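Whatever order the structure lists them in is the order used to number ligands and atoms, beginning at 1. From a predicted model like this one, the values you see are computed outputs, not experimental measurements.
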Amino acid sequence: MLYLIGTPIGNLGDISPRATEMLAAADIIACEDTRRTGLLLQQLGIEGKLFSYHEHNKVAKGRVLIEKMKEGATVALVSDAGMPSINDPGEDLVKLCIENNIDISVVPGPVAAITALVMSGLDTTRFHYEGFLPSEQSERRKRLEELKRIPETIIIYEAPHRLNKLVAELAENGFADCRAAFCRELTKKYEQVVRMTVGEAVDYYKENPPKGEFVICLEALPSVSDVQEYSDSDVDALILKLAADGKTTKEIASELASVTGRRKKEIYEHALNMLK
Ligand code: SAM
């Protein structure tokens, strides 16, 4: 049998009594980093048989774990933090267990995405979990384009040394005026949630270099469902109207990027040409 066990995302107090009990009872504890999970077990005062299972050995080690479970072993799967399978290994082992008719159960624990969402102050009715954006540039651009069409709160994971890049890309892709919550070091001593627009965050994080672990909750683009409905001539008409209202080219670009989902830079250059 396989147990997927949630572990804390920072605060040891968040381990549940049932998680501790299951970890103590398991024949094998499969984990990403045996040192890290070893420390957790030590803090919980339990001993366990650790087995390395991570992104780079999951194919071979997955087979071994399946054989052990077929022989009757109880395997507990944990990740370095939070829930296994959520941006961490787990999904493949679950699929293998299903294929091999091995029972699966879960001991739920904290997830950074949900912890951030409930603190964000943004719409929680519906949300889109994005996790990390791809690092490869063309895939990343494609994903950023796709995010514009998502009509619900978007949850993104990011490493601190890449946060400034991400914020700049979101601003360039029409999200500059969208509200966001930058949730840092959740459940830890230096927990902090900064709520501001993406445009404001560009300057904020230049002045306050990001440190620690981050989840970004991002408001969907307004009228995202209407994004496809703005033709080139609609955009031209809106540029002329906003210019007649006395808006600067920069203000026009920012406003229309939010409304149409088009790139701010593209609208800015087009408006400059139209209005000269
Ligand atoms: N399995 C985990 C979960 O259930 O949330 C996610 C693991 S993923 C490899 C690691 C990322 O989760 C970090 O880069 C960060 O974006 C986010 N994260 C994990 N712990 C966090 C915390 N305490 N505060 C903020 N973000 C956190």
Q: With distance as the sole test, does Arg184 use its side chain to make a donor-acceptor pair with the main-chain N or O of Lys211 at under 3.5 Å?
A: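 Yes, because the side chain of Arg184 sits within donor-acceptor range (under 3.5 Å) of the backbone of Lys211.
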
Q: Should you measure from each heavy atom of Lys188, which atoms of ligand 1 turn up under 4.0 Å away?
A: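 Taking each heavy atom of Lys188 in turn, ligand 1 has 23 (N) under 4.0 Å.
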
Q: When you measure from the side chain of Asn11 to the backbone of Lys188, do you find a donor-acceptor pair of N or O atoms at a distance under 3.5 Å?
A: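 Pair absent, no side-chain N/O of Asn11 close to backbone of Lys188.
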
Q: Which ligand 1 atoms are under 4.0 Å away from a heavy-atom of Glu158?
A: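 By the 4.0 Å cutoff, the relevant atoms are 16 (O).
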
Q: Could you tell me whether the side chain of Glu255 and the main chain of Ile252 form a donor-acceptor pair under 3.5 Å?
A: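 Checked: no pair found.
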
Q: Going only through I, L, V, M, F, W and Y residues with side-chain contacts under 4.5 Å, is there a path from Tyr129 to Ile156?
A: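 Different clusters: Tyr129 never reaches Ile156 through Ile, Leu, Val, Met, Phe, Trp or Tyr contacts under 4.5 Å.
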
Q: Is it the case that the side chain of Glu185 and the backbone of Glu213 share a donor-acceptor pair, with hydrogens and angles ignored and the cut-off at 3.5 Å?
A: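 Checking the backbone N and O of Glu213 against the side chain of Glu185, a donor-acceptor pair under 3.5 Å is found.
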
Q: Is there a polar contact between ligand 1 and Ala159, counting only N or O atoms under 3.5 Å apart?
A: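 Ala159 vs ligand 1: no N/O contact under 3.5 Å.
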
Q: Would Gly10 count as a contact of ligand 1 if the rule is a heavy atom under 4.0 Å away?
A: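 Contact check Gly10 vs ligand 1: negative.
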
Q: Which protein non-hydrogen atom lies closest to atom 9 (C) of ligand 1, naming both residue and atom, and how far is it?
A: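 Result for atom 9 (C) of ligand 1: Asn87 O, 3.2 Å.
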
Q: Are Asp232 and Arg262 ion-paired here, with the side-chain N under 4.0 Å from a carboxylate O?
A: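 Looking at Asp232 and Arg262, the cut-off is met.
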
Q: Are any of the side-chain nitrogens in Glu169 or Arg141 under 4.0 Å away from the carboxylate oxygens of its partner?
A: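 So Glu169 does not pair with Arg141 through a salt bridge.
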
Q: So which of Ala81, Ala112, Ser79 gets nearest to atom 2 (C) of ligand 1, if we judge by its closest heavy atom?
A: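 It is Ala81 that holds the nearest heavy atom.
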
Q: Looking only at protein heavy atoms, which one is nearest to atom 4 (O) of ligand 1, and how far off is it?
A: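 Among all protein heavy atoms, the one nearest atom 4 (O) of ligand 1 is Met83 N, 2.9 Å.
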
Q: Would you check whether Ala113 has a nitrogen or oxygen atom less than 3.5 angstrom from a nitrogen or oxygen atom of ligand 1?
A: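 It does not: no N or O of Ala113 is found under 3.5 Å from an N or O of ligand 1.
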
Q: Specify the protein heavy atom at minimum distance from atom 15 (C) of ligand 1: its residue, its atom name, and the distance to 0.1 Å.
A: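 Sorting protein heavy atoms by distance from atom 15 (C) of ligand 1 puts Phe214 O, 3.4 Å first.
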
Q: Given Leu186, Val193, Asp14, Asp88, identify the one with the heavy atom nearest to atom 1 (N) of ligand 1.
A: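 Shortest heavy-atom distance from atom 1 (N) of ligand 1: Asp88.
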
Q: Could you check whether Glu152 pairs with Arg126 (Lys NZ or Arg NE/NH1/NH2 to Asp/Glu carboxylate O, under 4.0 Å)?
A: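 Looking at Glu152 and Arg126, the cut-off is not met.
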
Q: Looking only at heavy atoms of Val215, does any of them come nearer than 4.0 Å to an atom of ligand 1?
A: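 Yes, Val215 has a heavy atom closer than 4.0 Å to ligand 1.
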
Q: For atom 6 (C) of ligand 1, grab the closest protein heavy atom and report residue, atom and distance to one decimal in Å.
A: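 It is Ile86 O, 3.4 Å.
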
Q: Students should be able to answer this: which protein heavy-atom is nearest to atom 25 (C) of ligand 1, and at what distance?
A: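 Closest protein heavy atom to atom 25 (C) of ligand 1: Glu213 O, 3.3 Å.
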
Q: Hey, quick one: are Phe132 and Leu218 part of the same hydrophobic cluster, counting side-chain heavy atoms closer than 4.5 Å, chains of contacts allowed?
A: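 No.
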
Q: At a 4.0 Å threshold, what atoms of ligand 1 neighbour a non-hydrogen atom of Phe132?
A: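 Contacts of ligand 1 toward Phe132, numbered from 1: 8 (S), 11 (C), 14 (O).
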
Q: Please walk me through it: do Phe182 and Tyr205 pass ring pair (Phe, Tyr, Trp, His ring centres under 6.0 Å)?
A: CA-CA 10 Å; Phe182 294 83; Tyr205 284 111; 5.3 Å; yes

Q: Does Thr187 reach ligand 1 with a nitrogen or oxygen that is under 3.5 Å from one of the ligand's nitrogen or oxygen atoms?
A: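 No; the residue has no nitrogen or oxygen that sits under 3.5 Å from a nitrogen or oxygen of the ligand.
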
Q: Give the residue, atom name and distance (to 0.1 Å) of the protein heavy atom nearest atom 5 (O) of ligand 1.
A: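 Residue, atom and distance for the closest contact: Tyr157 OH, 2.7 Å.
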
